[in-house]
2 protein chains.
Amino acid sequence: MSLRHALLGLLTVNPGTGYELTQRFDRSLSNAWHASHSQIYPELARLDEAGFAEVVSEGARGSRTWAVTDAGREELRRWLTESEPNRSVRNEGAVRLFLLTLLDPADRRPVLERERAHIEEEHRQLRALAAELDALPEPAAFRPVIDLALRLGPVMAEWMTEQLEDG
Amino acid sequence: MSLRHALLGLLTVNPGTGYELTQRFDRSLSNAWHASHSQIYPELARLDEAGFAEVVSEGARGSRTWAVTDAGREELRRWLTESEPNRSVRNEGAVRLFLLTLLDPADRRPVLERERAHIEEEHRQLRALAAELDALPEPAAFRPVIDLALRLGPVMAEWMTEQLEDG
DNA sequence: GCCATCATGTAATTAGTTACATGATTAG
DNA sequence: CTAATCATGTAACTAATTACATGATGGC
C-alpha cells in the first residue's frame, strides 16, 4: 500500500489537515495515485497509532493539523530505499489504447481524437504549473518530475496523431 | 471497472480458458492492469450471466474454453466509444519518483539507478517482443501500442540519467 | 514415483469508492 | 440569509490481494 507513504511524503513537504491533504493529493499526485477523504482520515489515524504522524495543532471548525514524526520520516526513507516497488499498475487509459486495436477504424478514430485532445490539455496544464513553480523564489524540489511528464506528453500525442493519419 | 472489458478484449482476440486468460493478462496487459485467477474466474461467471461470454468447449482436466458473444463484442465497442474513461491511475513507481525528491542525494542515487536499470530491462523485453511480432506472417493488431511503449522508455531512462548526473 | 505445470475454484482480508451525515465559517 | 467552502467522520458496497484447497496430466 503506498497511500500510507504518499501521505507521509505530503506531510514531509508540509504539515496539513486531512482536508488539505485530500486536495494536495489530487494536485500533486493525481497522475500517480488517487485517494478520497474517506480513505485519508482513517489512514491518518493509523499513522498516528503507528507513531509516524501526530496532531500538532487544532484550529477552527474542529480542524486538526497533522505533521510527520521522525519515525515517520525514517519509515518513508526506508520504504523508498529498501523495499521493492510494486510494479503492478492500473491505468484504464492504457487498457483502452490496447483494446482500441480491436475496433473498426471508423469507431477507433473519434476515441483516438478524444484521447489526443485530453493528452494535449493535460500538457497545457502541466506547462502552466511549471511556469508557476519557476516564478516562485525557489522552485519546488519535485520540479524535475514535472519535466519528465512534460517530455512524455508530446511523445504520446505524436503517436496518436500518427495513428489517426495511418488508420 | 475495466477488468470486465479487458477480459472481453482478450476473448475477442482469441477464446481461452480462465487459466490461459490469466497468463495472457500478464503478457499483454501487464503495463496497464493486473488481475489474478481468483479475480478472473468469478468475472467470467459474471460475463456468462450477463450474456457477454459463454463456454464453447470443455477439455481435459475440467478446463472450459470461453468465447465472447455478439453481445459481448457490442458491449466492448460501446464501452470504448461511448463511456468516459476513468482517468484515475495507480502507479506506485510514479509515486516513488515524486517522493524521491524528499530524500538526500546519497539515498536518492541508488534508487534512481535501480529504476533506470528496470526501465532499460523492460525496454529490452519490449524490443524482443516487437521482433517476435514482426517475424509473424501478419503482425498483431496491437503492434503500434508496443511502439508507443518503445518510445516512452528511452525518454524516462534519459531523464533518470540526467537526474543522476545533476544530483 | 515425483515434480512442474495445467486447471479451477473459495475464503479471508485489505483497499478503495460511493453514499450518508453533520456542523462551522465566510463571502456575497 | 444563503450558498460555497472548510472540515471531519462513518457505513455500505465493490474490487483486489493473499491464502487455502483440490485434482489432472505429462515429462523425467
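Convention: sequence-line order gives letters A, B, ...; per-chain numbering from 1. No experiment lies behind these values; they were computed from the predicted model shown.
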Trainee: Could you run through nucleotides 2-14 of chain C and give me one letter per nucleotide, 5' to 3': B if any protein heavy atom sits under 4.0 Å from the base, S if only the sugar-phosphate is that close, - if neither?
Mentor: ----BBBBB----
Trainee: Hey, can you tell me if A/His5 and A/Trp79 have their rings parallel, tilted or perpendicular (30° and 60° cut-offs)?
Mentor: parallel
Trainee: Taking only the side-chain nitrogens and oxygens of A/Gln39, find out if one of them lies under 4.0 Å from OP1 or OP2 of C/dA15.
Mentor: no
Trainee: Please state how far atom CD1 in A/Ile40 lies from atom P in C/dG16, giving the value in whole angstrom units.
Mentor: 11 Å
Trainee: Check this for me, if you would: do B/Glu120 and B/Arg124 make a salt bridge, where the nitrogen-to-carboxylate-oxygen distance has to be below 4.0 angstrom?
Mentor: no
Trainee: Can you give me the closest heavy-atom contact between B/Val56 and B/Trp66, atom names plus distance?
Mentor: CG2-C, 4.3 Å
Trainee: Between B/Leu29 (CG) and D/dA16 (C1'), how many Å, whole number?
Mentor: 16 Å
Trainee: Return the residues of residues 86-97 of chain B meeting this criterion: a heavy atom under 4.0 Å from some atom of DNA chain C. Order them by number, or give none.
Mentor: B/Arg90
Trainee: Do the side chains of A/Arg87 and B/Glu115 get close enough for a salt bridge, i.e. N-O under 4.0 angstrom?
Mentor: yes
Trainee: Is it true that A/Glu82 and A/Arg77 have a side-chain N and a carboxylate O under 4.0 angstrom from each other?
Mentor: yes
Trainee: Can you check the B/Leu3 CG to C/dG16 C1' distance for me, whole Å?
Mentor: 15 Å
Trainee: Within 45° of the ring axis of B/Trp159 and under 6.0 Å from its six-membered ring centre, is that where the NZ or CZ of B/Arg116 lies?
Mentor: no
Trainee: Just the rounded figure in Å: distance from C1' of C/dG16 to CZ of A/Phe25.
Mentor: 12 Å
Trainee: Is it true that A/Arg96 and A/Glu92 make a salt bridge, defined as a side-chain N closer than 4.0 Å to a carboxylate O?
Mentor: yes
Trainee: Can you measure from CG (A/Leu11) to CG (A/Leu47) and round to the nearest 0.5 angstrom?
Mentor: 7.5 Å
